[in-house]
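Just so it is clear, the values below take in all heavy atoms, side chains as well, and ignore hydrogens, waters and symmetry mates.
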Amino acid sequence: MSVLNSLHIPRVEQSSTAEVQGRIDQKTKPPGALGMLEATALQLALIQKHPDRLSLNNPVMVVFAADHGIASHPVSIAPQAVTRQMVLNFLAGGAAINCFCRSNDIALKVVDAGILEAINDEHADFIVARSGAGTADMSEQPAMTATQLEHALNSGIEIADTLSAAGHDLFAFGEMGIGNTSAASALLSLMEELPAKLTTGLGTGISEEQLTLKQSLILKTIERVRHQHPNISPEIALQEAGGFEIAQITGAILGAAAEQRPVLIDGFIVSVAALLAVRMKPECRDYLLFAHRSAEAAHNHILETLNAEPLLDLGLRLGEGTGAALAMPLLKAACAFYNDMASFESAGVTV
C-alpha cells in the first residue's frame with residue numbers, strides 16, 4: 001500500500017483557537033447562541049488557517065458505487081442489478097443526490113469503484129476506477145484480494161488529490177451498492193468488537209425475515225475473520241468484509257485530509273469508512289465534520305466513538321451522500337456569519 005504508507009496528514013494547528021473563538025464571541029449575539037454553527041465555523045477556520053475570512057466556494061460530492069458478493073443472498077429490498085441502474089440514474093441527473101447537489105450548488109462526481117457490469121459512458125463527471133467486478137461473498141471468503149484493496153485505497157486517495165488540484169475546497173462522499181449496509185455492519189463489528197445484532201439494522205427497509213438472515217451472515221463473517229485473524233487491523237477488516245466503494249471512500253477521506261480539505265461525512269456507511277480512516281491515520285479526524293444522524297441505529301456508536309456531533313437528524317437512510325448534501329447550507333451559513341456578521345464594536349452595540 002505504497003501511496004497510503006507515504007501519505008502525510010498534518011494535524012490541524014490549534015494555536016489560533018482562542019483568537020478565532022474570540023472573533024466568534026464578539027459577533028452581535030450572546031456567546032454560543034448560534035449553537036453548532038459556531039463550532040463548525042471554528043473548525044473550518046482552523047482547517048483553512050484563515051482566521052479573518054472563511055472560504056467555501058467549490059464543494060464537491062463524490063458518489064462511489066460498487067457491488068457486493070453478499071447480495072447473492074436476499075439481504076436487500078433490491079437485486080444487485082439496481083446498483084448499475086442507479087449509477088446510470090446518477091449520470092442522467094435523476095436521483096435524490098442530483099436534486100440536492102443542484103439545489104445547493106455542489107459539484108457531483110460519480111465513481112465506478114467496482115460494479116458488476118462496467119458502464120461505457122464518457123460523461124464528464126463519471127470516473128472509472130474499478131477495483132474489480134464486485135466483491136466476493138464475505139460470509140464465505142475474503143471480500144477482496146490484497147491487490148484489490150491496495151488499488152481501492154490508492155484510487156480513493158488519487159481521486160481526492162485530483163479533485164483538490166482542480167480547486168474543490170470541501171469534500172463530501174456518498175455511496176451506492178446493493179448489500180453495502182451488510183458490509184458496513186460487518187466492518188463495524190470487526191473494528192469495534194460488537195455483536196452482529198448491535199451493528200445490523202434494516203438498511204433500506206428489509207423485512208424481519210431478511211434481517212434475521214442478514215444478521216446470521218454477518219455473524220458468520222465475523223466468526224470466519226476472527227478465527228483467521230486474532231488481531232484485526234483496518235486493512236484486514238476491509239479486505240475480509242469491505243466493499244470496493246467503502247475502501248475507496250476510506251482512501252478519499254485520507255487523501256482529502258492530506259490536502260488539508262474539510263470533509264463532510266454522510267451517514268452510516270460513509271461513517272464506517274471515516275472510522276477506518278481514523279484508525280489508519282488518527283490525524284485525519286481533525287478534518288472531519290459530520291452531516292447527520294442516520295436512522296441506522298449503529299450509526300450512534302460510530303458518532304460516539306469519534307466524538308462527533310452531527311448537524312442534522314432527519315431520519316434519513318437513503319445513502320448516496322444525501323445527508324451531507326442537505327447539511328451543506330449549514331456550512332455555508334457558518335462561513336457567512338463568521339465573515340459578514342457585525343461585531344459589537346463595529347455595530348456600536350454595547351452589552
Side-chain angles (χ1 to χ4, degrees), residues 7-14 16-17 20 23-24 36-64 97-98 100-111 124-125 127 155-174 248-266 270 273-274 277-278 281 283-292 308 310-312 320-341:
L7 193 70
H8 173 65
I9 301 175
R11 297 303 301 252
V12 171
E13 177 57 55
Q14 304 291 322
S16 60
T17 299
V20 174
R23 176 188 173 100
I24 291 170
M36 287 187 63
L37 288 184
E38 297 190 22
T40 300
L42 173 61
Q43 187 176 356
L44 288 172
L46 295 177
I47 292 171
Q48 294 187 359
K49 304 177 186 177
H50 295 301
D52 290 333
R53 191 162 189 87
L54 298 181
S55 173
L56 183 54
N57 301 317
N58 197 9
V60 63
M61 171 70 66
V62 189
V63 179
F64 294 80
I97 191 59
N98 298 96
F100 298 157
C101 284
R102 281 194 298 266
S103 65
N104 292 315
D105 296 319
I106 306 168
L108 174 62
K109 307 292 181 181
V110 181
V111 180
D125 295 322
I127 300 169
S155 293
I157 292 169
E158 290 164 6
I159 287 168
D161 181 65
T162 299
L163 292 174
S164 178
H168 292 291
D169 55 6
L170 183 139
F171 285 81
F173 302 116
Q248 290 199 18
I249 293 170
T250 302
I253 290 169
L254 294 170
E259 294 295 323
Q260 301 181 62
R261 305 296 193 188
V263 182
L264 183 57
I265 300 298
D266 190 51
V270 177
V278 171
K281 300 275 188 179
E283 55 272 24
C284 80
R285 175 63 184 87
D286 293 354
Y287 298 88
L288 307 185
L289 301 101
F290 290 78
H292 76 113
L311 289 163
L312 298 171
E320 302 179 11
T322 48
L326 290 169
M328 195 70 73
L330 296 179
L331 270 63
K332 293 181 178 180
C335 292
F337 99 76
Y338 185 88
N339 292 339
D340 302 326
M341 188 175 179

Listed once per pair and sorted, the salt bridge (charged side-chain N to carboxylate O under 4.0 Å, His left out) pairs that draw on residues 248-263, sequence neighbours left out: none
Minimum-distance pair of heavy atoms, taken over all atoms of I249 and F64: CG1-CD1, 3.4 Å
From CA spacing to verdict: side chain to side chain contact (heavy atoms under 4.5 Å, CB included), T40, L330: CA-CA 9 Å; T40 300; L330 296 179; over 6 Å; no
F337 vs I24, side chain to side chain contact (heavy atoms under 4.5 Å, CB included): CA-CA, chis, key distance, verdict: CA-CA 9 Å; F337 99 76; I24 291 170; 4.1 Å; yes
Donor-acceptor contact below 3.5 Å, side chain N58 vs main chain G167: yes
Pairwise distance CD1(I159) to CD1(I127) - rounded to 0.5 angstrom: 5.0 Å
All pairs passing salt bridge (charged side-chain N to carboxylate O under 4.0 Å, His left out) where residues 37-53 contributes a residue, at least two apart: K29-E38, R53-D340
Derivation of the side chain to side chain contact (heavy atoms under 4.5 Å, CB included) call for L311 and L331: CA-CA 9 Å; L311 289 163; L331 270 63; 3.5 Å; yes
Validation row: L326, H292 side chains within 4.5 angstrom (heavy atoms): no
Under 3.5 Å donor-acceptor, D266 side chain and G323 backbone: yes
Nearest heavy atoms of L288 and A274, plus distance in Å: CD1-CB, 4.1 Å
Shortest non-hydrogen contact from G174 toward V270: CA-CG2, 4.3 Å
Contact check, side chains of V111 and V62, non-hydrogen atoms, under 4.5 Å: yes
Inter-residue atom distance R11.CZ - R285.CZ, 0.5 Å rounding: 10.0 Å
Side-chain touch D169/L56, heavy atoms, less than 4.5 angstrom: yes
Check: L170 and M328 side chains under 4.5 Å, non-hydrogen atoms: yes
Y287 OH to K281 NZ distance, which is reported to the nearest 0.5 Å: 12.5 Å
Any donor-acceptor N/O pair, D161 side chain to I157 backbone, under 3.5 Å: no
Those residues that, when tested against A39, pass side chain to side chain contact (heavy atoms under 4.5 Å, CB included) (two or more places apart): none
Gap between atom CG of N98 and atom CE of M61 - 0.5 Å precision: 10.5 Å
D286 side chain near I9 side chain, heavy-atom distance below 4.5 Å: no
Point-to-point distance, once rounded to the nearest 0.5 Å, from CD1 of I47 to CD of E13: 13.0 Å
pair P262-Q43: side-chain heavy atoms closer than 4.5 Å: no
Taking every non-hydrogen atom, the tightest pair across V20 and A45: CG1-CB, 3.7 Å
Atom of A258, atom of P10 and distance for their closest heavy-atom approach: O-CD, 4.3 Å
Interatomic spacing from CG in N104 to NZ in K332 - rounded to 0.5 Å: 6.0 Å
Verdict with reasoning, I253 to I265, per side chain to side chain contact (heavy atoms under 4.5 Å, CB included): CA-CA 9 Å; I253 290 169; I265 300 298; 3.9 Å; yes
Closest heavy-atom pair and its distance - H50, Q48: CD2-O, 2.9 Å
